[in-house]
Visitor: 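Below: one structure in structure tokens.
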Protein chains: 4
Amino acid sequence: MARTILDKETRRQQLLDAAIRVFARRGYLETSIDDIITEADVARGTFYLYFPGKKEIFLAVIDHYFELLSELVKELMAREWPAKLERARLKEHVLTWLRFFAEHRDLTKVIYREATSIDPEFEDRWNRLSETVKRFLVERVRRLQRNGVLRETLDPRAWALFMEGIFHTAICNYILQSDRPDLDWLAEQWVDFMLWGITPERRP
Amino acid sequence: MARTILDKETRRQQLLDAAIRVFARRGYLETSIDDIITEADVARGTFYLYFPGKKEIFLAVIDHYFELLSELVKELMAREWPAKLERARLKEHVLTWLRFFAEHRDLTKVIYREATSIDPEFEDRWNRLSETVKRFLVERVRRLQRNGVLRETLDPRAWALFMEGIFHTAICNYILQSDRPDLDWLAEQWVDFMLWGITPERRP
Amino acid sequence: MARTILDKETRRQQLLDAAIRVFARRGYLETSIDDIITEADVARGTFYLYFPGKKEIFLAVIDHYFELLSELVKELMAREWPAKLERARLKEHVLTWLRFFAEHRDLTKVIYREATSIDPEFEDRWNRLSETVKRFLVERVRRLQRNGVLRETLDPRAWALFMEGIFHTAICNYILQSDRPDLDWLAEQWVDFMLWGITPERRP
Amino acid sequence: MARTILDKETRRQQLLDAAIRVFARRGYLETSIDDIITEADVARGTFYLYFPGKKEIFLAVIDHYFELLSELVKELMAREWPAKLERARLKEHVLTWLRFFAEHRDLTKVIYREATSIDPEFEDRWNRLSETVKRFLVERVRRLQRNGVLRETLDPRAWALFMEGIFHTAICNYILQSDRPDLDWLAEQWVDFMLWGITPERRP
DNA sequence: AATGAATGAGATTTCATTCAT
DNA sequence: CATGAATGAAATCTCATTCAT
């Protein structure tokens, strides 16, 4: 193999990218260091110059995702939510999330399907990620409940749980499965369901 | 080790039970055949008399779950759904599911957290399970929509997806996490959210 | 499996016959106790009532062969060799051997192809067999040399060695290989070669 | 264990050499991968870097022998055989073979005593080897028969068979058994027997 | 910094043998 | 006597990690 010398950060990213692709394709368990270095076209020893092991590169993948997600959360938190429940604004909000996952398919696949089942440390990292998002949601709901635009009997924690669940399958069983997921249809259904449940319309 | 002779089915079940406990405790990846035979108090060779390998006993665990779940689905399908949306009946329905998962904690843990990420064959088995349940849900919704008791703009497939997602996190992030999950609270919140979404009550 | 009770000797022979067939078909190494009991249609435990193990049944097979061969040797030794080299008598002698091997194909296959290579004890048994035959040959040759009908420069031990070798390949590479070996052709060639070598005839 | 890095071919040869020694000493069946790596002073994993398993290294041993033998055959074929049967030349020819086997005792032991009994694939390899040699012999005999220096009634295929047999026992029961085999005596006896058989001399 | 041959702990798997029924 | 489920020692094999080059 040609001996290419790259600066540390580029090489690290090259390995990380390769790992994301391979993990997405074969899953954590079935992925061997060999798969990663073959994908990255790098020698065995080189891998260990950048990551202490398989577990650690997986954690680095999660961390990478965490950063991307944090940026998204920060951006969404910056957007001021309207005092009232505006269907269009909610849909836009949901779509922003869905687009993020659709854009980072491989990464999302890795995280959503594996991060919770492989290793306690992976799970821990995942839970911190999940908590961050849920805290954000709970806080928003509380504010809207105080304004009276949101049903009082709704327990924000339950709602956050439900939202997380809908995210989960929307991602795992729809976005990651279909070749061309109809994000708009999904967001539309989502918002309607979230606003009015399954009961026939008695909207104003 | 004491040599006990059991009939084939009992011994198989003993191994399966042991496997469920160990998989739930340590996860598929971290579980070795050694762990399983220690838990089952059985000799190494005995394991291979009943299962060709680790992968296969895991598949057998999934199949076992599939059977339990199929019985539940059959039972629920036998129950006639009311023509109208009755809150109490819906809640009872949801509770039946939740109790099932709470009862089979170990098994559920194994299935929900691992089955999709270990092996393509596991995933396949899991998807068939998931489809069975979703077809059931979609069919019920269609019937209620025809009766006009269910919002017409609701896409049954989207709804089934959402329900599956709520199940998923309700199970993974609530039932499996807490020591004494409050199933009643969860069912209550679930039904309310499902019926009316987050919008303040405008019920009759 | 039906529980059939047979007298000890019959059951032993049943197992021995099965073993000969399986050893001939698959070789000692590739043959498992399982193969033998399947072929004999006998339970696992039953095998161990008659033979202490795999090695021992193989030794019993060799011993069985030894007995058959001993009978043949005894018979041949009884036949008085002519004082002169009679082509016809020699050929008949060789044919008797060849027919024996052709008749006991399976057994011969086992013995000739495996007995020397599996285990020191097998080898030992084989060597004793081989020595018996060679001693017989050497003694006959010496007698004929004394009568002056056999070349004096011929070392009887070398000759016995050569005869054994010719037997070996005649058996392994001709009799055991062809479906319908032409024993007569073989005996004819053998005797001619033994008598006159490759040199053109200068016979009286 | 000291970590020595060798080029691929050297390491492979080191393993092959170790395997030959161990196979010769303990036989195929009794040899474990462990024995081979201990003999080669190499780690367990290193073995699997070069050979997929025990069967394969054995096949490689046979192939190695095949190559050595092929060289010898090529060399012998290059030597022009005399038009007449020259005792001295024939003896030299036989001695060349015998010396080859005496030189490669270990390898010969492995091949001659095991190759035909372990595995169908081994046997196949062995038969190809055997055929190569026999074709060479048959062709030479035919030529000599055409020149009239060789008995016409001799069937070359029978002769090649006999030669192979004599080789076999000469090797297995003489060369491999004695510590200091008298190759010259053996060659002498061989050539005499081959030329004139057992009949008293009627040479010119 | 990069390489890839070498390592070995630990996993899986086999199968001759035992023994409760 | 006969059975065959159970045993476990000993084999094979994998792969994350190390380290001489």
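By convention in this document, chain letters (A, B, ...) are assigned in the order of the sequence lines, proteins followed by strands, and residues within each chain are numbered from 1.
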Visitor: Is the phosphate of dA6(E), meaning OP1 or OP2, less than 4.0 Å from a side-chain N or O of Arg11(D)?
Guide: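 True: Arg11(D) side-chain N/O within range (under 4.0 Å) of dA6(E) OP1/OP2.
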Visitor: With Arg25(D), which residues qualify under salt bridge (charged side-chain N to carboxylate O under 4.0 Å, His left out), at least two apart?
Guide: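 Salt bridge (charged side-chain N to carboxylate O under 4.0 Å, His left out) check on Arg25(D) returns Glu39(D).
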Visitor: What pattern of brackets, bars and dots sums up DNA chain F from 5' to 3', given Watson-Crick or G-U wobble pairs under 3.5 Å, [ ] for crossing pairs and | for another strand?
Guide: .||||||||||||||||||||
Visitor: What residues form a side chain to side chain contact (heavy atoms under 4.5 Å, CB included) with Leu68(A), not counting sequence neighbours?
Guide: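 If we apply the side chain to side chain contact (heavy atoms under 4.5 Å, CB included) test to Leu68(A), skipping adjacent residues, the hits are His64(A), Phe100(A), His104(A), Leu107(A).
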Visitor: In whole Å, I'd like the distance from the NZ atom of Lys8(A) to the C1' atom of dA2(E).
Guide: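 Spelled out: NZ on Lys8(A) to C1' on dA2(E) is 12 Å.
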Visitor: Among residues 13-22 of chain A, which residues get a heavy atom nearer than 4.0 Å to DNA chain F?
Guide: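 When residues 13-22 of chain A is checked for heavy atoms under 4.0 Å from DNA chain F, there are no hits whatsoever.
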Visitor: Rounded to whole angstrom units, what separation is found between the OH atom of Tyr28(B) and the P atom of dA11(E)?
Guide: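 Result: 14 Å.
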Visitor: May I have all residue pairs that pass side chain to side chain donor-acceptor pair (under 3.5 Å) and include part of residues 42-58 of chain A, sequence neighbours excluded?
Guide: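 Residue pairs with at least one partner in residues 42-58 of chain A: Asp34(A)-Arg44(A), Lys55(A)-Asp119(A).
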Visitor: Please name the pair of heavy atoms, one in Lys109(A) and one in Leu176(A), separated by the smallest distance, quoted to 0.1 Å.
Guide: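 Here Lys109(A) and Leu176(A) meet closest at CA-CD1, 3.7 Å.
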Visitor: Can you measure Ile37(B) atom CD1 to dA11(E) atom P for me and round it to whole angstrom units?
Guide: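 Spelled out: CD1 on Ile37(B) to P on dA11(E) is 12 Å.
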Visitor: From CD1 of Ile5(B) over to P of dT18(E), roughly how many Å is that when rounded to an integer?
Guide: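 Going from Ile5(B) (CD1) to dT18(E) (P), I get 15 Å.
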Visitor: Just to be sure I understand the rule, does Tyr50(A) reach a base, reach only the sugar-phosphate, or reach nothing, if contact means heavy atoms closer than 4.0 Å?
Guide: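 If one applies the 4.0 Å heavy-atom cut-off, Tyr50(A) turns out to touch the sugar-phosphate alone, with no base involved.
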Visitor: What residues, two or more places apart in sequence or in another chain, satisfy side-chain hydrogen bond (donor to acceptor under 3.5 Å, both in side chains) together with Ser130(B)?
Guide: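 Checked Ser130(B) against side-chain hydrogen bond (donor to acceptor under 3.5 Å, both in side chains); matches are Glu164(B).
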Visitor: Measure the distance from CZ on Arg26(D) to C1' on dA10(F) and round it to the nearest whole Å.
Guide: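 Those two atoms, CZ and C1', are 13 Å apart.
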Visitor: Measure from CG on Asp7(D) to C1' on dT3(E) and round the result to the nearest Å.
Guide: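 Result: 16 Å.
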Visitor: How long is the line joining CD of Glu30(D) and P of dA10(F), in whole Å?
Guide: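 About 13 Å, once rounded to whole Å.
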Visitor: Using the test salt bridge (charged side-chain N to carboxylate O under 4.0 Å, His left out), find all partners of Arg128(B) that sit at least two apart in sequence or belong to another chain.
Guide: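 By the salt bridge (charged side-chain N to carboxylate O under 4.0 Å, His left out) rule, Arg128(B) matches Asp124(B).
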Visitor: Give every pair of a protein N or O atom and an N or O atom of nucleotides 12-16 of chain E that lie under 3.5 Å apart, one pair per line with the distance.
Guide:
from	atom 1	to	atom 2	distance (Å)
dT12(E)	OP2	Ile33(B)	N	3.0
dT13(E)	OP2	Tyr48(B)	OH	3.3
dA16(E)	OP2	Ile33(C)	N	2.9

Visitor: Excluding sequence neighbours, so at least two apart, what forms side-chain hydrogen bond (donor to acceptor under 3.5 Å, both in side chains) with Glu71(D)?
Guide: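 With neighbours one apart ignored, the set is empty.
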Visitor: What orientation do Tyr28(B) and Phe23(B) show, parallel under 30°, tilted 30 to 60°, or perpendicular over 60°?
Guide: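 Correct class here is parallel.
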Visitor: Just jot down the salt bridge (charged side-chain N to carboxylate O under 4.0 Å, His left out) partners of Asp63(D), sequence neighbours excluded, or say none.
Guide: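 Result, salt bridge (charged side-chain N to carboxylate O under 4.0 Å, His left out) vs Asp63(D): Arg125(D).
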Visitor: With sequence neighbours left out, write down each residue that passes side-chain hydrogen bond (donor to acceptor under 3.5 Å, both in side chains) with Ser70(C), or none if nothing qualifies.
Guide: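 Partners of Ser70(C) by the side-chain hydrogen bond (donor to acceptor under 3.5 Å, both in side chains) criterion come out as none, since no residue qualifies.
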Visitor: Looking at residues at least two apart in the chain, or sitting in another chain, which of them share a side-chain hydrogen bond (donor to acceptor under 3.5 Å, both in side chains) with Asp106(B)?
Guide: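 Not a single residue meets the side-chain hydrogen bond (donor to acceptor under 3.5 Å, both in side chains) criterion with Asp106(B).
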Visitor: Output the rounded distance in Å from CG (Leu6(B)) to P (dA6(F)).
Guide: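 Taking CG of Leu6(B) and P of dA6(F), I get 6 Å after rounding.
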